[in-house]
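Each remark here refers to the structure printed beneath this line.
Not measured: the values here are computed from a predicted model. By convention in this document, chain letters (A, B, ...) are assigned in the order of the sequence lines, proteins followed by strands, and residues within each chain are numbered from 1.
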There are 2 protein chains.
Amino acid sequence: MQPDAYMSALKNRGYRATGKRREILSFLLDENRYVSAREIIDHMREKHPTLSLETVYRNLRTMQTEGIIEESRFKEGESKYRIACQTDHHHHYICIRCGRTLVIKHCPMPDLGRAPEGFTVLGHRFEVLGYCPDCRRSEPDPQDHMPEGR
Amino acid sequence: MQPDAYMSALKNRGYRATGKRREILSFLLDENRYVSAREIIDHMREKHPTLSLETVYRNLRTMQTEGIIEESRFKEGESKYRIACQTDHHHHYICIRCGRTLVIKHCPMPDLGRAPEGFTVLGHRFEVLGYCPDCRRSEPDPQDHMPEGR
DNA sequence: TTCGTTGCAAAGGATTTGCAGCGTA
DNA sequence: TACGCTGCAAATCCTTTGCAACGAA
């Protein structure tokens with residue numbers, strides 16, 4: 001899907017098609033991995049020197065509200081965001097170093113059977129964390145560590 | 001398992017058995033659900049007026065390092081912690097309102113087969129989020145919402 | 001006595017918000 | 001023109017840290 005398609009969708013929802021919004025969207029589409037607000041602005045400052053971090057955050061929030069992107073917090077401190085798949089439900093292998101992902105088609109939910117009596121399921125989260133082929137070969141980053149859970 | 005058992009374990013690791021540490025541990029054992037640092041100090045201030053939030057955070061970190069507790073971030077903003085099960089690996093249904101949990105014995109990892117070529121698996125995360133029987137009956141809290149993912 | 005622990009005050013870091021000017025529809 | 005969008009500065013919120021006094025071993 002191209003940036004324009006998303007921009008049209010946003011327009012239909014009452015948002016405006018600004019250049020900066022479009023660029024942020026393009027960047028997310030190009031990267032196709034989890035990136036932080038900081039990474040976004042750092043990578044985009046060359047071509048868009050006037051882009052501010054606030055604008056990045058505001059647009060991320062808008063796009064998240066609209067279901068265009070999804071957030072994860074596999075890295076301590078900051079959230080990371082990526083373009084959400086609009087078609088099929090799936091999960092990810094996620095590289096905790098670079099945010100790259102690999103698709104996991106299998107969803108564990110059907111295997112669970114019904115939820116415990118009285119529990120209302122609103123959502124679920126399944127992620128396999130580790131290093132992608134590229135990152136496991138590079139210097140270990142002291143910043144990297146397993147987040148909550150194992 | 002009782003607080004004393006954990007305290008002994010900590011002692012063997014070079015930490016000291018202080019009263020406040022023991023009380024925080026007791027509280028976590030009693031609650032047996034995900035609680036935030038803020039909840040811990042709020043609930044404990046009556047009996048321990050001199051307990052500080054910093055001490056709570058420092059102890060949480062220590063206990064997390066030692067594998068005694070586990071962290072999750074299903075609620076926006078703050079982390080929540082609970083006593084970790086020392087025996088069998090499992091996952092949880094988690095109430096996003098009160099942090100209560102129900103055990104999911106099934107782990108999706110064996111169903112995945114081997115990881116993609118070159119990907120080094122370090123850990124995984126599987127949580128089913130929603131409302132527990134008690135919380136779904138109460139006033140909806142505007143603070144509540146599905147975190148990242150669905 | 002030694003060294004981990006704690007409270008206080010302050011610092012950090014990520015994210016959000018008030019406001020006035022700008023840009024899209 | 002109307003109203004969403006943006007940058008700037010400042011504020012929040014959660015969490016961490018420096019330091020000196022305190023407490024466990």
Side-chain angles (χ1 to χ4, degrees), chain A residues 3-4 6-25 34-42 44-45 48-66 69 71-81 99 142-143 145 147-148, chain B residues 3-4 6-25 34-42 44-45 48-66 69 71-81 99 142-143 145 147-148:
Chain A
D4 299 312
Y6 290 100
M7 292 305 278
S8 304
L10 287 171
K11 260 176 158 171
N12 293 336
R13 298 275 298 154
Y15 299 98
R16 295 196 172 157
T18 67
K20 294 184 177 177
R21 176 122 71 210
R22 194 180 188 292
E23 290 301 329
I24 293 171
L25 210 30
Y34 280 101
V35 293
S36 64
R38 172 56 58 191
E39 286 177 271
I40 294 175
I41 196 161
D42 286 350
M44 292 184 65
R45 263 287 165 73
H48 306 273
T50 66
L51 179 64
S52 74
L53 192 52
E54 298 86 330
T55 294
V56 172
Y57 276 115
R58 274 189 277 233
N59 275 290
L60 286 173
R61 173 161 280 226
T62 297
M63 293 191 275
Q64 194 179 3
T65 301
E66 294 304 314
I69 60 176
E71 179 189 16
S72 186
R73 285 175 152 278
F74 53 88
K75 197 130 183 172
E76 174 138 326
E78 61 191 7
S79 285
K80 296 205 171 198
Y81 309 84
Q143 298 269 12
H145 66 286
E148 61 244 21
Chain B
D4 299 312
Y6 290 101
M7 292 304 278
S8 303
L10 287 171
K11 259 176 159 172
N12 293 337
R13 298 274 298 152
Y15 299 99
R16 295 195 174 158
T18 67
K20 294 184 177 173
R21 176 123 70 210
R22 194 177 189 292
E23 290 302 327
I24 294 172
L25 209 30
Y34 279 101
V35 293
S36 65
R38 171 57 58 190
E39 287 178 89
I40 294 175
I41 196 162
D42 286 349
M44 292 185 64
R45 264 287 165 74
H48 306 272
T50 68
L51 179 64
S52 74
L53 191 52
E54 298 85 351
T55 294
V56 171
Y57 275 115
R58 274 190 275 234
N59 276 290
L60 286 173
R61 173 160 282 224
T62 297
M63 293 192 274
Q64 194 177 4
T65 302
E66 293 304 313
I69 60 176
E71 178 188 14
S72 185
R73 288 177 150 277
F74 53 89
K75 198 131 186 174
E76 174 137 324
E78 60 191 8
S79 285
K80 296 204 171 199
Y81 309 82
Q143 297 268 14
H145 68 284
E148 61 244 22

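- The pair R13(B)-E66(B) meets the salt-bridge criterion, since a charged nitrogen lies less than 4.0 angstrom from a carboxylate oxygen.
- Residues L53(A) and I40(A) fail the side-chain proximity criterion, which asks for heavy atoms closer than 4.5 Å.
- Remark: S8(A) pairs with no residue by the side chain to side chain donor-acceptor pair (under 3.5 Å) rule, at least two apart or across chains.
- Under 4.0 angstrom from either OP1 or OP2 of dT6(D) there lies at least one side-chain N or O belonging to T18(A).
- Here dT15(C) presents its C1' atom at 14 Å from CG of N59(A), a figure rounded to the nearest Å.
- Remark: R61(B) engages E76(A), T65(B) in a side chain to side chain contact (heavy atoms under 4.5 Å, CB included) (not counting sequence neighbours).
- Going from atom CD of E78(B) over to atom P of dG13(C) covers 22 Å, rounded to whole Å.
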(request) Please report the C-alpha distance between T50(B) and K20(B) in whole Å, then the side-chain angles of each, then the deciding distance to 0.1 Å, and finally whether the side-chain hydrogen bond (donor to acceptor under 3.5 Å, both in side chains) criterion is met. (result) CA-CA 10 Å; T50(B) 68; K20(B) 294 184 177 173; 2.9 Å; yes
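- Put simply, R61(B) has a side-chain N or O that comes within less than 4.0 Å of OP1 or OP2 on dT16(D).
- Atoms CZ (R38(A)) and C1' (dT15(C)) sit 11 Å apart, rounded to a whole Å.
- In this model, a side-chain donor or acceptor of R16(B) finds a partner on the base of dC3(C) within 3.5 Å.
- Ranked by how close their nearest DNA chain C nucleotide is to the 5' end, G14(B) and L53(B) are led by G14(B).
- For K11(B), counting side-chain heavy atoms from C-beta on, the closest listed nucleotide (dA25(D), dT15(D), dT15(C)) is dA25(D).
- Atom P of nucleotide dG4(C) and atom CE of M63(B) are separated by 18 Å, given to the nearest angstrom.
- Summarising the geometry, the separation between CE on M7(A) and C1' on dA25(C) is reported as 13 Å, rounded to the nearest angstrom.
- When rounded to the nearest whole Å, the span between CD of E23(A) and P of dT24(C) equals 13 Å.
- For the pair K20(A) NZ and dG23(C) P, the interatomic distance rounds to 9 Å; values are reported in whole Å.
- Mapping A17(A) and T62(B) onto DNA chain C by nearest heavy atom places T62(B) at the nucleotide closer to the 5' end.
- For the pair Y57(A) OH and dG18(C) P, the computed distance is 18 Å after rounding to whole Å.
- Looking at K80(B) and E39(B), a side-chain N of the basic residue comes within less than 4.0 Å of a carboxylate O on the acidic one, giving a salt bridge.
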If you restrict it to nitrogen or oxygen atoms, what contacts under 3.5 Å exist between nucleotides 8-12 of chain D and the protein, and what is each distance?
{"from": "dA9(D)", "atom 1": "N6", "to": "E54(A)", "atom 2": "OE2", "distance (Å)": "2.9"}

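- When side chains are defined from C-beta on, M63(A) counts as touching I24(A), because their heavy atoms get closer than 4.5 Å.
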